[in-house]
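So the structure is just underneath, and the comments pick up after that.
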Amino acid sequence: MARAFRSWLDGKKSGFFAFLRLTDPHWAYECEPYFHGEVKNHDAIDHSFNSGSYGLRPGERGFQLTDTEAYRRLHYTRYPPPVLEHMVLHYDECVRQSDTALGEIFAALRERGIYDDALIVVTSDHGEGFWEHGYLQHGIHLDDVVTRVPLVVKLPGNEFAGTRVSQLVRTVDIMPTVLDALGIPAPQDLDGTSLLPAVREGRNLGLVAYAESGKGFVGVDPELYVPGVKGKWRMIRTDRWKLVHIPDGKAGIDRLYDLLEDPGEKVDVAAQHPDIVEKLKGELAKIQRWETDEKERELSPEEEEQLRQLGYM
């Protein structure tokens with residue numbers, strides 16, 4: 001990707017937009033062996049965590065599970081501690097590989113004299129679970145190990161370089177922030193808000209974050225009781241509190257975590273704080289859309305090709 005970007009960049013001075021998708025840290029974790037020298041008997045370690053199949057195919061209603069057992073093995077195989085530690089090592093190597101690629105991308109911008117004026121955003125669509133909460137990878141649950149992601153923004157002219165904002169923000173805020181930095185009015189109905197006031201003025205934006213799980217894990221996740229959109233897990237999160245709602249065909253299951261006292265999300269304190277639960281459920285009700293299933297359609301050949309180019313098919 002870095003090499004392709006360097007080639008694409010030749011001849012461009014300004015006024016361009018590039019979206020680069022660096023897939024190295026995504027399963028399977030097969031990257032440069034930066035840290036393998038620290039591991040004894042590497043070849044003797046079970047590497048089956050890098051094999052298998054998602055068991056998915058595109059169908060009339062989007063992607064559908066065709067092999068539930070393959071998906072269950074992928075997400076719920078409990079490997080011995082040495083193997084799990086080695087899996088994390090592979091993941092770290094893939095993060096390192098992405099970091100190296102970013103360095104090459106930034107170097108290409110500097111070589112052409114356009115780095116200082118560039119607006120750059122580095123982020124991710126999800127993190128990764130390594131059995132901290134009894135599962136691997138992502139998509140099924142809403143713990144911070146999968147919902148909390150990096151967000152690094154370099155403004156044109158290197159304005160506020162090195163500034164760190166320690167408050168809750170969301171990926172949905174990236175587009176309004178980019179538009180604000182470029183002096184382009186944001187559409188009135190755009191989700192999210194510009195984060196620049198938090199950077200320039202130190203303003204606490206008091207944001208509330210929302211996330212939801214995938215919808216195709218019935219029969220895979222032992223705690224997914226309702227199929228489709230109606231069965232998705234939902235999460236609402238403030239700086240301190242996090243509410244996870246799990247539909248079960250009845251009133252639902254609500255779990256509350258005090259992230260100030262319990263950042264690892266180990267202890268459900270919903271019973272001790274019913275007022276917080278009700279308040280956050282009210283916030284969730286403003287966003288939730290599980291009353292009716294989303295209408296899905298068959299993918300067009302062009303859409304299938306786009307997904308293939310992105311590595312999803």
Indicate if [X] and [Y] have the same hydrophobic cluster label, given that clusters are the connected sets of ILVMFWY residues with side-chain heavy-atom separations under 4.5 angstrom.
| X | Y | result |
| --- | --- | --- |
| Val226 | Leu142 | yes |
| Ile287 | Leu168 | no |
| Phe106 | Val95 | no |
| Val169 | Val145 | no |
| Leu179 | Val153 | yes |

Inspect the surroundings of [atom1] in [X] and state if more than 12 heavy atoms from other residues, nucleotides or ligands are less than 6.0 Å away.
| X | atom1 | value |
| --- | --- | --- |
| Met175 | CE | no |
| Lys250 | NZ | no |
| Arg3 | CZ | no |

Verify whether the ring centers belonging to [X] and [Y] lie closer than 6.0 Å.
| X | Y | answer |
| --- | --- | --- |
| Phe35 | His90 | no |
| His245 | Trp233 | no |
| Phe49 | Trp27 | no |

Could you check whether any side-chain N or O of [X] sits under 3.5 Å from a backbone N or O of [Y], counting only pairs where one atom can act as donor and the other as acceptor?
| X | Y | answer |
| --- | --- | --- |
| Glu302 | Ser300 | no |
| Arg240 | Asp258 | no |
| Thr77 | Leu74 | no |
| Lys286 | Gly282 | no |
| Arg234 | Lys232 | yes |
| His75 | Leu136 | yes |
| Asp173 | Leu195 | no |
| Asp262 | Val267 | yes |
| Ser51 | Ser48 | yes |

- Any Lys/Arg nitrogen of Asp99 or Arg96 sitting under 4.0 Å from an Asp/Glu carboxylate oxygen of the other?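 Answer for the salt bridge query: no.
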Closest heavy-atom pair and its distance - [X], [Y]:
| X | Y | result |
| --- | --- | --- |
| Glu104 | Arg6 | O-NH2, 3.5 Å |
| Leu256 | Asp268 | N-OD1, 3.0 Å |
| Glu212 | Tyr210 | OE1-OH, 2.6 Å |
| Thr177 | Thr193 | OG1-O, 3.9 Å |
| Gln167 | Ala198 | NE2-CB, 3.7 Å |
| Leu155 | Ala181 | CD2-CB, 4.0 Å |

- Intermediate values then yes/no, side-chain contact (heavy atoms from CB on, under 4.5 Å), Tyr135 and Val146: CA-CA 11 Å; Tyr135 64 91; Val146 292; 3.9 Å; yes
Given side chains that start at C-beta, do those of [X] and [Y] come closer than 4.5 Å, heavy atoms only?
| X | Y | result |
| --- | --- | --- |
| Thr238 | Leu259 | no |
| Phe5 | Leu109 | yes |
| Tyr91 | Pro25 | yes |
| Asp10 | Lys12 | no |
| Ser213 | Ile140 | no |

- Task: Begin from the C-alpha positions of Ile236 and Trp241 and carry the test side-chain contact (heavy atoms from CB on, under 4.5 Å) through to its verdict.
- Result: CA-CA 8 Å; Ile236 200 82; Trp241 300 102; over 6 Å; no
- Message: With side-chain contact (heavy atoms from CB on, under 4.5 Å) as the criterion, how do Ile114 and Leu9 come out once you've worked through the C-alpha distance, each side chain's angles and the decisive distance to 0.1 Å?
- Response: CA-CA 10 Å; Ile114 52 181; Leu9 199 58; 4.1 Å; yes
- Message: Which residue is it: Arg255, Arg148, Arg237, Lys242? I am looking for the one with a salt bridge (charged side-chain N to carboxylate O under 4.0 Å, His left out) to Glu265.
- Response: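 Exactly one option meets the salt bridge (charged side-chain N to carboxylate O under 4.0 Å, His left out) with Glu265, and it is Lys242.
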- Would you verify whether the NZ or CZ of Lys154 falls within 45 degrees of the ring axis of Tyr115 while also being under 6.0 Å from that six-membered ring's centre?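 Yes, Lys154 lies over the aromatic ring of Tyr115.
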Measure the spacing between [atom1] of [X] and [atom2] of [Y] and express it to the nearest 0.5 Å.
| X | Y | atom1 | atom2 | result |
| --- | --- | --- | --- | --- |
| Met1 | Leu102 | CE | CG | 11.0 Å |
| Met87 | Leu84 | CE | CG | 5.5 Å |
| Cys94 | Leu22 | SG | CG | 12.0 Å |
| Leu151 | Thr123 | CG | OG1 | 5.0 Å |
| Glu93 | Ser98 | CD | OG | 12.5 Å |
| Leu224 | Ile246 | CG | CD1 | 9.0 Å |

Please determine, by modelled atom types, if [X] and [Y] share a side-chain donor-acceptor pair under 3.5 angstrom.
| X | Y | value |
| --- | --- | --- |
| Tyr76 | Asp221 | yes |
| Tyr34 | Asp92 | no |
| His26 | Glu128 | no |
| Glu69 | Tyr71 | no |

- Message: side chain to side chain donor-acceptor pair (under 3.5 Å) for His47 and His42? Distances and angles first, verdict last.
- Response: CA-CA 9 Å; His47 280 71; His42 171 270; 3.2 Å; yes
- Item | Ile174/Val172 under side-chain contact (heavy atoms from CB on, under 4.5 Å): CA gap, chis, key distance, verdict | CA-CA 6 Å; Ile174 293 174; Val172 76; over 6 Å; no
